[in-house]
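In what follows, chains carry the letters A, B, and so on, assigned in the order in which the sequence lines appear, proteins first and then strands, with residues in each chain numbered from 1.
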Amino acid sequence: MTSRPPRFLWPFVVVVYTLLLAPLVVVVTVSFGSTPTFDFPPKGLTLHWYRAFFANEMFVRSFFRVSQVVGLLTALVATLVGTLSAIGLVRLRFRGREALETFFLSPLLVPHILLGASVYLYLARLAWPTSSMTLLVGHIVIATPYVIRCVTAGLAGMDPRLEEAAMSLGASRPQAFFKVTLPLLRSSLVTGAVFAFIISFSDINLALFLAGANAPSLPVQIFSQIQFEADPSIAAASALQIAIVGGLIVLAQRLFRLRLMV
Amino acid sequence: MEGGRPSPYWPLFVGPYGAYLLLFLVLPFVNVALLSVYLHSPTKIAVAEFTGTNYAKLWEVYYATLFLRTLRLSLLVTIGCAVLGYPLAYFLARSTSRVMTLGLLLLVMPLLVSTVIRVFGWLVILGSEGLVNQGLRLLGVRESVRLLYTEGAVILGLVQQTLPFMVLPVMAAVERIPLSLEEAARNLGASWAQMFVRTILPLSLPGLVSGSLLVFSVSMSAFITPALMGGRRVRMVGQQIYEEVLTAYDWPGAASLTIVLSVSMLALVALALWATGRRARPKRAR
């Protein structure tokens with residue numbers, strides 16, 4: 001490790017991270033504040049807003065029943081479908097492969113609000129009422145390209161001769177794949193799955209249209225709460241989210257030496 | 001890619017997501033394209049009678065202003081992200097693995113949190129009784145400064161939200177450039193700035209382009225940020241579409257807006273890819 005970034009970048013880096021993290025730090029701090037007026041620094045510390053969050057049935061339901069479940073299912077489906085697609089795109093050769101890759105990554109470039117509105121109008125035509133199911137349908141569209149990108153990068157950085165070597169030593173094609181390629185892909189898969197979960201979990205533009213009025217996801221619930229009556233239980237909700245997902249990421253990094261999204 | 005061989009099994013691999021996208025991406029947009037030429041009816045929402053009025057309406061000053069503002073703000077956000085994100089990406093790519101891990105964690109952390117929560121944080125910071133105004137009061141400023149509901153607030157919010165989308169691809173691109181290239185340039189007498197401009201910058205350009213495209217598309221699609229931080233003063237196209245679909249029930253109107261926005265964005269993306277492709281080719285030949 002002889003690499004050293006030039007020293008004059010340090011102050012710049014500090015400023016950028018301050019900008020990036022300021023809203024989160026403020027939200028977490030305010031969630032412990034004893035006054036409902038978002039004083040910063042807080043005048044006193046309390047857990048009152050966390051109790052208020054867990055006492056609010058809408059919050060609890062949107063958090064555990066909608067956002068968590070849809071996020072996990074999105075990650076599962078997107079990882080399966082995305083990995084299959086990535087293997088097909090990188091390792092197999094067929095007509096129109098490059099066009100198909102562009103098509104598969106195109107949801108990354110479709111504005112989410114347009115996709116949400118389009119799928120909403122499409123479902124209306126099919127007379128399919130919105131629910132957590134339709135939310136899942138929408139989230140799979142936008143989350144899978146992230147998995148494809150992660151796994152494609154993982155596969156492209158891997159020497160295909162490794163698999164060929166295993167096969168020349170007597171392994172069958174599936175054996176070579178499961179014993180050589182898949183273990184090497186593990187960190188790409190985890191990164192992709194984590195990203196798919198994040199995309200679903202933090203999405204609001206699709207959820208506004210597709211979640212259904214009776215089962216809002218947590219972001220939608222927070223959005224209406226901000227407009228209706230903003231109190232620090234919103235901050236408590238987000239602080240909980242930061243703690244849970246942050247812990248998940250740190251854990252994943254320990255287990256798989258995962259370097260996020262490269 | 002070189003290892004690939006013609007295989008009859010490719011539909012097994014790419015079929016599932018291909019079919020899925022056909023059903024839930026292509027067909028919805030076909031439906032929107034149809035809706036956009038349907039007649040709007042206050043009672044039945046949309047009547048299957050072909051008309052061009054939905055598109056003609058978009059030439060009105062109201063819509064043109066809305067569209068130009070959205071475009072302008074998104075471009076400013078993209079530039080802001082490039083200026084702030086590139087040095088950070090370079091810094092992270094050339095850091096020790098421990099610093100890089102921590103840096104990535106802190107970079108991705110804000111991404112994990114929903115847009116609406118990040119915007120909520122800005123509301124607390126920039127509000128009339130917010131952090132900044134409380135600080136100004138301590139300095140003796142009597143009247144609170146209006147920071148929210150300005151273009152600056154919307155740009156700040158969007159830059160904060162989209163910055164990781166810029167940093168990650170640029171970082172990946174810089175990482176792929178071997179350190180020995182930098183050392184060679186320095187050993188041959190180039191200053192740090194010369195080395196950077198002549199080796200790192202051109203070689204990491206693809207990362208910068210894909211980062212910019214991501215940031216731009218997220219900004220164009222922004223709804224929550226302008227809705228909460230821009231209010232009625234700084235409206236963007238996202239708000240208009242949201243309202244026409246869910247509150248005004250002018251579905252043909254929303255559809256025409258959607259089509260115009262999608263097509264112009266596709267054109268822009270194609271232009272950007274074409275431009276970088278053209279610039280990259282002679283470089284490689286040299």
Side-chain angles (χ1 to χ4, degrees), chain A residues 1 3 5-6 9 12-13 16-17 19-24 26-27 30 38 40 81 84-85 87-94 100 103-104 107-109 111-114 117-122 125 137 141 144 160 198 202 204-205 219 222-223 226 234 238 241-242 245-246 249 260-262, chain B residues 3-7 10 13-14 16-17 21 24-25 27-29 31-32 35 84 87-88 91 94-96 104-106 108-118 120-122 124-125 131 160 163 168 172 175 179 192 213 217 220-221 223-224 228 238 241-242 245 251 254 258 261-262 269:
Chain A
M1 280 290 142
S3 71
L9 282 177
F12 184 89
V13 168
V16 174
Y17 273 116
L19 173 80
L20 266 172
L21 297 171
L24 300 192
V26 167
V27 164
V30 159
F38 307 113
F40 193 97
V81 175
L84 265 182
S85 311
I87 292 169
L89 289 173
V90 175
R91 286 293 166 85
L92 304 179
R93 212 165 55 195
F94 50 90
L100 199 66
F103 178 51
F104 278 10
L108 292 172
L109 297 174
H112 288 178
I113 196 95
L114 300 187
S118 303
V119 175
Y120 175 85
L121 296 173
Y122 176 64
R125 174 170 284 224
V137 163
V141 172
T144 308
I198 291 162
S202 67
I204 180 163
N205 288 321
I222 289 173
F223 180 63
I226 288 177
I234 297 170
S238 45
Q241 194 180 332
I242 294 168
V245 188
I249 288 279
L260 259 165
M261 200 59 205
V262 172
Chain B
R5 63 199 72 76
S7 163
W10 63 270
F13 288 89
V14 296
Y17 191 51
L21 281 188
F24 295 112
L25 181 72
L27 282 183
F29 274 97
N31 177 51
V32 161
L35 260 179
L84 292 176
L88 179 63
F91 176 87
R94 291 292 187 238
S95 292
T96 58
L104 278 179
L105 208 68
L106 292 179
V108 176
M109 197 66 114
L111 251 192
L112 305 181
V113 182
S114 181
T115 320
V116 70
I117 290 167
R118 284 175 273 168
F120 177 62
W122 285 119
V124 174
I125 294 172
L131 193 50
Q160 190 264 342
L163 201 54
L168 292 170
E175 261 191 313
L179 203 61
W192 191 89
L213 289 179
S217 104
M220 289 292 280
S221 75
F223 164 68
I224 298 296
L228 294 178
I241 292 175
Y242 175 81
V245 171
W251 290 0
T258 300
L261 193 58
S262 316
V269 166

Approximate separation, where rounding is to 0.5 Å, of [X] [atom1] and [Y] [atom2]:
X: L20(A); Y: L106(B); atom1: CG; atom2: CG; result: 9.0 Å
X: Y242(B); Y: N205(A); atom1: OH; atom2: CG; result: 10.5 Å
X: I222(A); Y: T115(B); atom1: CD1; atom2: OG1; result: 11.0 Å
X: F103(A); Y: L25(B); atom1: CZ; atom2: CG; result: 6.0 Å
X: W251(B); Y: Y120(A); atom1: CH2; atom2: OH; result: 5.0 Å

Less than 4.5 Å to any heavy atom of chain B: does that hold for the side chain of [X], its backbone, both, or neither?
X: F223(A); value: both
X: L24(A); value: side chain
X: V119(A); value: both

Closest approach of [X] to [Y] (non-hydrogen atoms, all atoms of both residues):
X: Y17(B); Y: V141(A); answer: OH-O, 3.0 Å
X: Q160(B); Y: L19(A); answer: CG-O, 3.4 Å
X: S118(A); Y: T258(B); answer: OG-CG2, 3.9 Å

Considering only heavy atoms, which portion of [X] lies under 4.5 Å from any heavy atom of chain A: side chain, backbone, both, or neither?
X: I117(B); result: both
X: L88(B); result: both
X: W192(B); result: side chain
X: L228(B); result: side chain

>> Going by side chain to side chain contact (heavy atoms under 4.5 Å, CB included), name the residues that satisfy it together with P219(A), two or more places apart in sequence or in a different chain.
In response: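 Result, side chain to side chain contact (heavy atoms under 4.5 Å, CB included) vs P219(A): S67(A), I204(A), S217(A), S114(B), V116(B).
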
> For L84(A), which residues count as a side chain to side chain contact (heavy atoms under 4.5 Å, CB included) partner, sequence neighbours excluded?
Replying inline: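 Result, side chain to side chain contact (heavy atoms under 4.5 Å, CB included) vs L84(A): F13(B), P16(B).
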
Is the closest side-chain heavy-atom distance between [X] and [Y] below 4.5 Å?
X: V14(B); Y: L89(A); answer: yes
X: P28(B); Y: L121(A); answer: no
X: L108(A); Y: S217(B); answer: no
X: Y122(A); Y: V32(B); answer: no

> Can you say whether the rings of F94(A) and W10(B) are parallel (under 30°), tilted (30 to 60°) or perpendicular (over 60°)?
Replying inline: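 Judged by the thresholds at 30° and 60°, the geometry between F94(A) and W10(B) is parallel.
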
>> Quick check on the interface: out of L100(A), V137(A), I226(A), who has the most heavy-atom pairs with chain B under 4.5 Å?
In response: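 Greatest number of close heavy-atom pairs with chain B: V137(A).
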
>> I'd like to verify something: which residue of L213(B), L27(B), I241(B), L35(B) has the highest number of heavy-atom pairs under 4.5 Å with chain A?
In response: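 Top count of heavy-atom pairs under 4.5 Å with chain A: L27(B).
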
